[in-house]
Enquirer: 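I have a structure here, written as structure tokens, and I will follow up with some questions on it.
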Amino acid sequence: MKKRLFSGIQPSGEVHIGNYLGAIKNWVGMIDRYDCIFCIVDYHAITVEYDPKEMQNRIINAAAVNIAAGLDPNKCILFVQSHVPEHTELAWILNTVTPMGHLERMTQFKDKAKQHRDNINAGLFTYPVLQAADILVYKAEAVPIGEDQVQHIELAREIARKFNSRYGEIFPDPKEILSDAPRIMGIDGKTKMSKSRDNYISLVESSESIWKKLSTAVTDENRKRRTDPGNPEICNLFTLHKHYSSIEQIERINRECRTAEIGCVECKKILYENIIKALSPIREKYEELIKDKHSIIDILHEGAKKCKNMAEITMAEVRRQMGLT
Ligand code: SF4
């Protein structure tokens with residue numbers, strides 16, 4: 001029997017190549033090996049300020065882009081967190097076995113509290129408990145994540161063990177599957193690619209807009225003139241070449257950048273062509289899907305139905321062992 005895998009998708013409105021290379025590409029590779037559940041985590045998204053009028057669009061968009069990028073709903077479950085209320089029911093129960101001190105240690109909470117000083121709410125604080133509930137309500141054993149989420153999965157394991165030792169074995173130990181994709185930096189070359197920093201290339205962006213961004217993207221800043229030799233190791237665009245270009249092209253750029261035989265404009269053009277080649281099928285599929293929002297909504301409802309069946313079984317077991325029924 002395949003192991004169950006769970007992963008959350010932020011309804012962030014824009015999915016960029018950093019998200020794809022760091023997460024979605026790995027998920028697509030695991031879809032046949034695991035029993036995969038992908039959840040659009042709207043209850044997590046509301047822990048920071050947002051525009052309610054935009055939320056449904058963000059959810060549908062996140063679903064459409066992820067399907068277009070390879071999360072085939074015939075091979076995995078895709079659904080919205082708030083459509084399965086058992087997540088929040090279990091989160092409340094898990095709150096009662098989670099020590100406050102453990103939550104206070106979470107670095108992501110500290111970072112987010114700094115970013116959202118005017119809105120440090122209890123939901124932001126107990127976010128990792130809801131994340132534990134998301135995973136445990138399906139008894140998922142595999143959780144693909146990036147480095148920044150390791151602490152949360154360690155906590156989810158600890159919460160599962162605490163619950164099991166107090167009320168009896170119900171939950172398996174969830175284990176992280178760490179993404180081996182390097183951190184994809186933004187086109188400013190300074191910070192991680194992200195929507196909030198506006199330094200990203202979207203998975204469904206037009207060719208013109210991609211070239212506009214690439215043509216002004218920061219390269220090796222020591223390479224001031226065309227005749228200056230560069231260092232690909234400190235150039236973010238070279239990292240992107242490693243994902244999008246052929247071995248011959250990567251070897252050539254690695255060699256010719258160091259001797260100034262190739263200029264940054266030519267190098268960017270090669271990258272541009274390769275990125276367009278890779279993203280065009282995703283963009284075309286996305287445009288096709290987004291024309292028919294109702295079928296995306298149907299896919300999400302179908303996913304929620306399957307998840308609800310599984311979550312109800314777990315919750316019946318939880319309530320029984322806790323003496324609540
Ligand atoms: Fe970066 Fe390419 Fe310019 Fe070298 S030639 S600095 S790898 S953009």
Enquirer: Less than 4.5 Å apart, any side-chain heavy atom of Y286 and any of N61?
Expert: yes

Enquirer: Do you know the tightest heavy-atom contact between E14 and Y200?
Expert: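 So the minimum-distance heavy-atom pair works out to CG-OH, 3.6 Å.
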
Enquirer: What is the distance from atom CG of L271 to atom CD of E266, rounded to the nearest 0.5 Å?
Expert: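 With rounding to 0.5 Å, CG (L271) is 12.5 Å from CD (E266).
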
Enquirer: Has the side chain of K268 got a donor or acceptor atom that lies under 3.5 Å from a matching backbone atom of A217?
Expert: yes

Enquirer: Looking at L324, I'd like to know if its CG atom is crowded, meaning that more than 12 non-hydrogen atoms belonging to other residues, nucleotides or ligands lie closer than 6.0 Å.
Expert: yes

Enquirer: Can you give me the closest heavy-atom contact between P11 and I40, atom names plus distance?
Expert: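 Where P11 meets I40 most closely, the heavy atoms are CB-CG2, 3.8 Å.
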
Enquirer: Would you compute the distance between atom CG of L21 and atom NE2 of H243 and round it to the nearest 0.5 angstrom?
Expert: 5.0 Å

Enquirer: Could you point out which residue of C257, P232, C264 forms a side-chain contact (heavy atoms from CB on, under 4.5 Å) with T219?
Expert: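 With T219 as partner, side-chain contact (heavy atoms from CB on, under 4.5 Å) holds for just one option, C264.
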
Enquirer: Would a 4.5 Å heavy-atom cut-off, applied to side chains only, mark L237 and C267 as touching?
Expert: no

Enquirer: With rounding to the nearest 0.5 Å, note down the distance linking CD in Q321 to CD1 in I170.
Expert: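 Going from CD on Q321 over to CD1 on I170, the span is 4.0 Å.
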
Enquirer: Heavy-atom distance under 4.5 Å between the side chains of V143 and L5, does that happen here?
Expert: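 Not in contact.
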
Enquirer: Between CZ of F163 and OG1 of T98, what distance do you get to the nearest 0.5 Å?
Expert: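 Interatomic distance, F163 CZ to T98 OG1, rounded to 0.5 Å: 11.0 Å.
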
Enquirer: Run the numbers on F79 and H301 for side chain to side chain contact (heavy atoms under 4.5 Å, CB included), then give the verdict.
Expert: CA-CA 7 Å; F79 78 108; H301 283 165; over 6 Å; no

Enquirer: Determine whether more than 12 heavy atoms belonging to other residues, nucleotides or ligands lie under 6.0 Å from atom CD of E147.
Expert: no

Enquirer: Is N66 reaching over with its side chain to a backbone N or O of A62, donor-acceptor style, under 3.5 angstrom?
Expert: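 Side chain of N66 to backbone of A62, a donor-acceptor pair under 3.5 Å: yes, one is there.
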
Enquirer: Identify whether the distance between the nearest side-chain nitrogen and carboxylate oxygen of E256 and R252 falls below 4.0 Å.
Expert: yes

Enquirer: Say whether Y43 and F6 are linked into one hydrophobic cluster, either directly or through other cluster members, by side-chain heavy-atom distances under 4.5 angstrom.
Expert: no

Enquirer: Looking at K305 and E302, is there a salt bridge between them, counting it only when a charged N and a carboxylate O are closer than 4.0 Å?
Expert: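 So E302 pairs with K305 through a salt bridge.
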
Enquirer: Rounded to the nearest 0.5 Å, what separates atom NZ in K25 from atom CE in M30?
Expert: 12.5 Å

Enquirer: Do the side chain of D228 and the main chain of K224 share a donor and acceptor less than 3.5 angstrom apart?
Expert: yes

Enquirer: Among all residues two or more places apart in sequence or in another chain, which pass the salt bridge (charged side-chain N to carboxylate O under 4.0 Å, His left out) test with E287?
Expert: R283

Enquirer: So does K308 pair up with E312, basic N to acidic O under 4.0 Å?
Expert: yes

Enquirer: Could you check if a side-chain atom of W211 sits within less than 4.5 angstrom of a side-chain atom of K269, using non-hydrogen atoms only?
Expert: yes

Enquirer: Minimum heavy-atom separation for I296 to L289, with atom names?
Expert: CD1-O, 3.6 Å

Enquirer: Tell me if the NZ atom of K114 is crowded by more than 12 foreign heavy atoms within 6.0 Å.
Expert: no

Enquirer: Can you confirm whether E89 sits close enough to M315 that some side-chain heavy atom of one is under 4.5 Å from a side-chain heavy atom of the other?
Expert: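 Side chain of E89 against side chain of M315, heavy atoms only: contact under 4.5 Å found.
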
Enquirer: Please say yes or no: joined through hydrophobic side-chain contacts below 4.5 Å, possibly via intermediate residues, are I60 and V15 part of one cluster?
Expert: yes

Enquirer: Please check: side-chain N/O of E251 versus main-chain N/O of E248, any donor-acceptor pairing under 3.5 Å?
Expert: no

Enquirer: Between V65 and N19, is a side chain to side chain contact (heavy atoms under 4.5 Å, CB included) present by the stated rule, with each step listed?
Expert: CA-CA 11 Å; V65 179; N19 303 131; over 6 Å; no

Enquirer: Quick test of your reading of the model: are K139 and E317 salt-bridged, counting only N-O distances below 4.0 Å?
Expert: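 Counted as a salt bridge, because a side-chain N and a carboxylate O are separated by less than 4.0 Å.
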
Enquirer: Let's go through V318 and F171 carefully: what are the C-alpha distance in whole Å and the side-chain angles of both, what is the deciding distance for side chain to side chain contact (heavy atoms under 4.5 Å, CB included) to 0.1 Å, and is it a yes or a no?
Expert: CA-CA 10 Å; V318 166; F171 301 118; 3.8 Å; yes

Enquirer: Mind checking whether C307 and I37 have side chains closer than 4.5 Å, heavy atoms only?
Expert: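 Of all side-chain heavy-atom pairs linking I37 with C307, at least one is under 4.5 Å.
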
Enquirer: Is S165 reaching over with its side chain to a backbone N or O of K162, donor-acceptor style, under 3.5 angstrom?
Expert: yes

Enquirer: Could you check Y138 against H87 for ring-ring contact (aromatic ring centres under 6.0 Å, His included), going step by step and ending with a plain yes or no?
Expert: CA-CA 10 Å; Y138 303 110; H87 286 241; 5.4 Å; yes

Enquirer: Do E205 and L279 make a side-chain contact, defined as non-hydrogen atoms from C-beta onward lying under 4.5 Å apart?
Expert: no

Enquirer: Between the main-chain N or O of G22 and the side-chain N or O of S179, is there a donor-acceptor pair closer than 3.5 Å?
Expert: yes

Enquirer: Between R157 and A160 (side chain of the first, backbone of the second, donor and acceptor by atom type, cut-off under 3.5 Å), is there such a pair?
Expert: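 Between the backbone of A160 and the side chain of R157 there is no qualifying donor-acceptor contact (under 3.5 Å).
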
Enquirer: Is there a chain of hydrophobic side chains (I, L, V, M, F, W, Y, each step under 4.5 Å between heavy atoms) that links Y272 to I282?
Expert: yes

Enquirer: Between the main-chain N or O of V48 and the side-chain N or O of N119, is there a donor-acceptor pair closer than 3.5 Å?
Expert: no

Enquirer: Enter the distance from I201:CD1 to I210:CD1 here, rounded to the nearest 0.5 Å.
Expert: 6.0 Å

Enquirer: Using a strict threshold of under 4.0 Å (side-chain N to carboxylate O), is an ion pair present between E233 and R258?
Expert: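 Salt bridge: yes.
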
Enquirer: Would you call D173 and R161 a salt bridge, using N to O less than 4.0 angstrom?
Expert: yes

Enquirer: If hydrophobic clusters are built from ILVMFWY residues whose side chains come within less than 4.5 Å, do I159 and M100 share one?
Expert: yes

Enquirer: Quick test of your reading: applying side-chain hydrogen bond (donor to acceptor under 3.5 Å, both in side chains), list the pairs with at least one residue in residues 29-40, sequence neighbours left out, ordered by first then second residue.
Expert: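 For residues 29-40: R4-D35.
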
Enquirer: In terms of heavy-atom contacts, does CD of E154 have more than 12 from other residues, nucleotides or ligands at under 6.0 Å?
Expert: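 Result for CD/E154: enclosed.
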
Enquirer: Look at the rings of F109 and F125 and say which category their plane angle falls in: under 30° parallel, 30 to 60° tilted, over 60° perpendicular.
Expert: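 Taking F125 first and then F109, their aromatic rings stand perpendicular (interplane angle over 60°).
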
Enquirer: How far apart are the closest heavy atoms of H16 and S194, and which atoms are they?
Expert: NE2-CA, 3.7 Å

Enquirer: Between L78 and I67, is the side chain to side chain contact (heavy atoms under 4.5 Å, CB included) condition met? List the steps.
Expert: CA-CA 9 Å; L78 184 64; I67 295 170; 3.6 Å; yes

Enquirer: Do N199 and T191 have a side chain donor and acceptor closer than 3.5 Å?
Expert: yes

Enquirer: My understanding is that only residues two or more places apart in sequence, or in another chain, count here; which of them pass ring pair (Phe, Tyr, Trp, His ring centres under 6.0 Å) with Y127?
Expert: H44

Enquirer: If you count the non-hydrogen atoms of other residues, nucleotides and ligands that lie under 6.0 Å from NZ in K110, is the total more than 12?
Expert: yes

Enquirer: Give a yes or no answer on whether the side chain of N236 reaches the backbone of M185 with a donor-acceptor pair at less than 3.5 Å.
Expert: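 At least one qualifying donor-acceptor pair exists.
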
Enquirer: Would you check if V97 and R166 make a side-chain contact, meaning some heavy-atom pair closer than 4.5 Å?
Expert: yes

Enquirer: I need the minimum non-hydrogen distance between T107 and Q151, along with the two atoms involved.
Expert: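 So the minimum-distance heavy-atom pair works out to N-OE1, 2.9 Å.
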
Enquirer: Checking N121 side chain against T47 main chain: does a donor-acceptor pair fall under 3.5 Å?
Expert: yes

Enquirer: So does K213 have more than 12 non-hydrogen atoms from other groups sitting under 6.0 Å from NZ?
Expert: yes

Enquirer: How close do P73 and I299 get, heavy atom to heavy atom, and via which atoms?
Expert: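 The answer is CB-CG2, 3.7 Å.
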
Enquirer: Side-chain heavy atoms under 4.5 angstrom apart, residues restricted to Ile, Leu, Val, Met, Phe, Trp, Tyr: same cluster for L103 and I135?
Expert: yes

